[in-house]
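Working notes for the structure below.
Predicted, not measured: the structure shown is a model, and the values here were computed from it. Numbers here are sequence positions counted from 1.
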Amino acid sequence: MSQATAKDQKPQVQLGWKAADFRLKGTDGKPYTLGDARGPKGLIVMFICNHCPYVIGALDRILRDVTELKALGIGAIGVNANDPLTYPDDSFENMQKLAAAKHFPFPYVLDETQDVARAYDAVCTPEFYGFDANLKLAYHGRIDAGGRNNPPPGSKRELFEAMKLIAETGQGPAEQHNSVGCSIKWKR
């Protein structure tokens, strides 16, 4: 496992760009686009996978936040861009098992060509892109300060609070912290 941070790989992403659309197969066998996943107040595009300890460690917090944000009009979609030949735990079949076992409240899709990850300039899992109602990027960062562990007591729920602010005002927070996680497993 190699650790990557958006900070190590690139500077903080420029906010305000329009979400790149896609059509990717979900674990339920249906194709999904941005329009299918977005909520009336915004959308979270999450680059996640099955094997990364950072995703595994944060998964219950991700599921909690996505569920609570749905009630505020924020949709979500999980994108797995990892090469399943190099990391069999990230195969489509294993994605289906994880989504079913954890009752994912969002579509979990496979970026088989890795074109979506490249379009978003994603570098790690988990990595979160928060878009406003017009699908303009208003948040790019982490779920919280915990990484693969529980966050320290009193820590902010950074993703939740950012997306709640976006739902209420259309603007993301001034302070945003880069994601930390496993590097995306690019095809060779």
Side-chain angles (χ1 to χ4, degrees), residues 2-22 34 37-49 52-82 105-106 108-109 111 116-184:
S2 57
Q3 178 181 324
T5 68
K7 183 178 181 183
D8 292 339
Q9 303 285 326
K10 63 183 177 184
Q12 180 68 22
V13 195
Q14 185 67 34
L15 301 178
W17 54 267
K18 184 99 167 147
D21 204 357
F22 50 77
L34 289 177
R38 75 189 290 183
K41 301 278 185 148
L43 171 68
I44 305 167
V45 176
M46 307 174 285
F47 288 88
I48 61 174
C49 67
C52 174
Y54 289 87
V55 174
I56 293 166
L59 190 55
D60 288 339
R61 300 191 315 271
I62 292 168
L63 297 174
R64 174 202 64 201
D65 287 358
V66 166
T67 299
E68 291 179 18
L69 287 165
K70 187 174 185 179
L72 300 177
I74 301 291
I77 190 163
V79 180
N80 179 2
N82 281 351
F106 53 84
Y108 188 25
V109 299
D111 181 11
V116 176
R118 283 186 182 89
Y120 282 73
D121 206 17
V123 297
C124 65
T125 61
E127 189 167 1
F128 302 91
Y129 293 78
F131 296 91
D132 66 16
N134 297 313
L135 295 179
K136 299 255 174 126
L137 186 66
Y139 179 77
H140 175 248
R142 62 189 186 183
I143 187 162
D144 56 36
R148 63 177 156 183
N149 303 309
N150 286 324
S155 295
K156 290 172 57 173
R157 292 171 59 190
E158 294 172 34
L159 175 66
F160 177 83
E161 291 177 25
M163 295 310 298
K164 182 176 184 231
L165 183 65
I166 291 164
E168 293 169 349
T169 70
Q171 301 292 316
E175 183 178 351
Q176 301 185 15
H177 300 278
N178 289 312
S179 295
V180 176
C182 301
S183 61
I184 290 185

Side chains of Phe106 and Ile48 in contact at under 4.5 Å (non-hydrogen atoms): yes
Atom pair CG (Asp21) and CG (Leu34), whose distance is rounded to the nearest 0.5 Å: 4.0 Å
Stepwise side-chain contact (heavy atoms from CB on, under 4.5 Å) test for Asp144 and Ser155: CA-CA 7 Å; Asp144 56 36; Ser155 295; 5.6 Å; no
Separation of Leu137 CG from Leu43 CG (nearest 0.5 Å): 10.5 Å
Parallel, tilted or perpendicular, as decided by the 30° and 60° cut-offs, for the rings of Tyr129 and His140: tilted
Tyr54 side chain to Pro126 backbone, donor-acceptor under 3.5 Å: no
Atom pair CD1/OG1 of Ile56 and Thr125 - distance to nearest 0.5 Å: 9.5 Å
CA sep, side-chain torsions, deciding dist, call: Met46, Val66, side-chain contact (heavy atoms from CB on, under 4.5 Å): CA-CA 10 Å; Met46 307 174 285; Val66 166; 4.0 Å; yes
Between SG on residue Cys49 and CG on residue Asp111, distance to nearest 0.5 Å: 12.5 Å
Side-chain touch Gln176/Leu15, heavy atoms, less than 4.5 angstrom: yes
Side chains of Asn80 and Val109 in contact at under 4.5 Å (non-hydrogen atoms): no
Under-4.0 Å salt bridge between Glu175 and Lys156: no
Any Lys41 side-chain heavy atom under 4.5 Å of Ile74 side chain: yes
Minimal non-hydrogen separation, Ala138 against Pro173, with atom names: O-CD, 4.4 Å
Value rounded to 0.5 Å, distance of CZ in Phe128 from CD in Glu158: 10.5 Å
Distance, nearest 0.5 Å, that separates NZ of Lys164 from OG1 of Thr169: 11.0 Å
Closest non-hydrogen atom pair, Glu127 against Val123: OE1-N, 2.8 Å
Any Phe160 side-chain heavy atom under 4.5 Å of Leu72 side chain: yes
Stepwise side-chain contact (heavy atoms from CB on, under 4.5 Å) test for Ile77 and Phe22: CA-CA 11 Å; Ile77 190 163; Phe22 50 77; 3.8 Å; yes
Minimum side-chain heavy-atom gap Arg64-Arg157 below 4.5 Å: yes
Contact check, side chains of Val180 and Cys124, non-hydrogen atoms, under 4.5 Å: no
Heavy-atom closest contact (Leu63 atom, Pro105 atom, distance): CD2-CD, 3.5 Å
Atom NZ of Lys70: over 12 foreign heavy atoms under 6.0 Å: no
Minimal non-hydrogen separation, Gly141 against Ser179, with atom names: O-OG, 2.6 Å
4.5 Å side-chain heavy-atom contact, Val116 and Phe47: yes
